[in-house]
There are 2 protein chains.
Amino acid sequence: MKIGELARRTGVSIRMLRYYEQEDLLAPGRQESGYRDYSESDEIVVRRIQMLTEAGLKLDAIRELLPCILTDDPSFQPCDNLRAILQRERRKMDAQIDRLQASRDMLGRYIDQTG
Amino acid sequence: MKIGELARRTGVSIRMLRYYEQEDLLAPGRQESGYRDYSESDEIVVRRIQMLTEAGLKLDAIRELLPCILTDDPSFQPCDNLRAILQRERRKMDAQIDRLQASRDMLGRYIDQTG
DNA sequence: CTTGACCCTGACAGCGCTGTCAGACCTTAG
DNA sequence: CTAAGGTCTGACAGCGCTGTCAGGGTCAAG
């Protein structure tokens with residue numbers, strides 16, 4: 001399918017679909033015209049990217065994960081480190097939450113002072 | 001005092017001190033040489049900015065707050081909205097924490113699936 | 001054939017800072 | 001006087017996307 005249709009199907013903008021390709025997350029074929037030609041599995045990849053993006057991962061991390069989660073069989077794990085990567089990202093997120101929480105509390109103290 | 005000394009005293013980089021000025025958070029005088037000439041109260045302002053920055057506020061918000069917190073008397077409140085601004089910022093931060101938390105949980109679910 | 005919708009590449013902009021570099025002037029100690 | 005170190009302005013770069021625009025092909029229907 002062409003890029004416009006994939007965008008419509010997934011809700012990901014055309015701009016971002018091209019960006020995913022640029023960042024090596026996606027490698028669609030090309031028609032003779034030069035138009036990108038996306039397959040069904042490309043669409044699956046895009047949906048995976050969407051999910052992980054919503055989960056707060058950056059494309060760098062997603063790129064690491066993609067080779068692991070693209071197999072049809074979800075139980076087959078070619079990458080020993082899938083879990084490790086996810087856990088690493090979660091730790092990062094925990095740290096970020098902690099920082100934000102500390103900021104929030106500090107702000108709270110200011111507000112109290114303003115009494 | 002000159003910019004270098006203020007930077008040394010506060011730990012804020014020279015670059016950022018100039019940036020604060022550019023963003024209208026600071027308005028140091030000038031020596032005849034053209035060098036910036038910071039006063040004691042300028043240093044206080046910088047420390048205020050530091051605190052609020054650590055509290056996660058952006059310069060836009062800090063600029064709003066500065067006129068309120070620069071008075072010597074902390075109980076004097078020329079701005080009725082000091083508290084309102086702080087609360088608004090805290091609400092923003094709460095929302096951000098919620099989003100991040102949701103992402104973290106989603107990641108947790110992925111990790112569980114990976115069993 | 002023409003029109004309109006779609007696609008291509010490449011590049012610029014913006015977010016909110018922050019570092020760094022270039023070219024040039026000021027100041028201070030030796 | 002000279003050299004070193006401090007300062008000035010202005011501009012470019014980078015983070016991680018995301019939108020948008022320009023200039024130019026492609027494809028489909030009428």
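We name chains A, B, ... by the order of the sequence lines, and we start the count at 1 in each one.
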Pairwise N/O distances under 3.5 Å, protein to nucleotides 22-25 of chain D:
{"from": "dG25(D)", "atom 1": "N2", "to": "Y35(A)", "atom 2": "OH", "distance (Å)": "2.8"}

R109(A) backbone acceptor or donor facing D112(A) side chain under 3.5 Å: no

Spacing of D24(B) atom CG relative to dG16(C) atom P, expressed in whole Å: 16 Å

Spacing of E23(B) atom CD relative to dT18(C) atom P, expressed in whole Å: 11 Å

Between P of dG16(C) and CD of Q22(B), the distance in whole Å: 14 Å

From dG19(C), dT18(D), dC17(C), nucleotide with atom closest to M16(A) side chain: dT18(D)

Integer-rounded Å distance: dG6(D) C1' and E32(B) CD: 18 Å

Polar side-chain atom of Q50(B) near backbone of V12(B) as donor-acceptor pair, under 3.5 Å: no

Whole-Å distance separating the CG atom of L59(B) from the C1' atom of dT18(C): 11 Å

5' precedence on DNA chain C between Y38(A) and Y20(B) (nearest-nucleotide basis): Y38(A)

Heavy-atom donor-acceptor pair, D42(B) side chain to S39(B) backbone, under 3.5 Å: yes

Interatomic distance, E21(B) CD vs dG10(D) P [rounded to whole Å]: 12 Å

R63(B) side chain vs E23(B) backbone, donor-acceptor pair below 3.5 Å: yes

Under 3.5 Å donor-acceptor, D37(A) side chain and M1(A) backbone: yes

Presence of R18(B) side-chain N/O under 4.0 Å of dT9(D) phosphate oxygens OP1/OP2: no

Nearest-nucleotide pick for R15(A), side chain only, options being dT7(D), dG19(D), dG16(D): dG19(D)

Between dC8(D) (P) and D37(B) (CG): distance, integer Å: 10 Å

Side chain to side chain contact (heavy atoms under 4.5 Å, CB included) evaluation trace for S103(B) with M93(A): CA-CA 8 Å; S103(B) 296; M93(A) 234 168 266; 3.8 Å; yes

Nucleotide dT27(C), atom P - distance to CD1 of I3(B) in whole Å: 16 Å

hbond_proxy R36(B) side chain to dT7(D) base (donor-acceptor, 3.5 Å cutoff): no

T10(A) OG1 to I44(A) CD1 distance, which is reported to the nearest 0.5 Å: 13.0 Å

Position toward the 5' end of DNA chain D (nearest nucleotide), S13(A) or Q31(A): S13(A)

5' priority, DNA chain C, between Y19(B) and I14(A) [closest heavy atom]: I14(A)

N/O (side chain, R30(A)) to phosphate O (OP1/OP2, dT9(C)) under 4.0 Å: yes

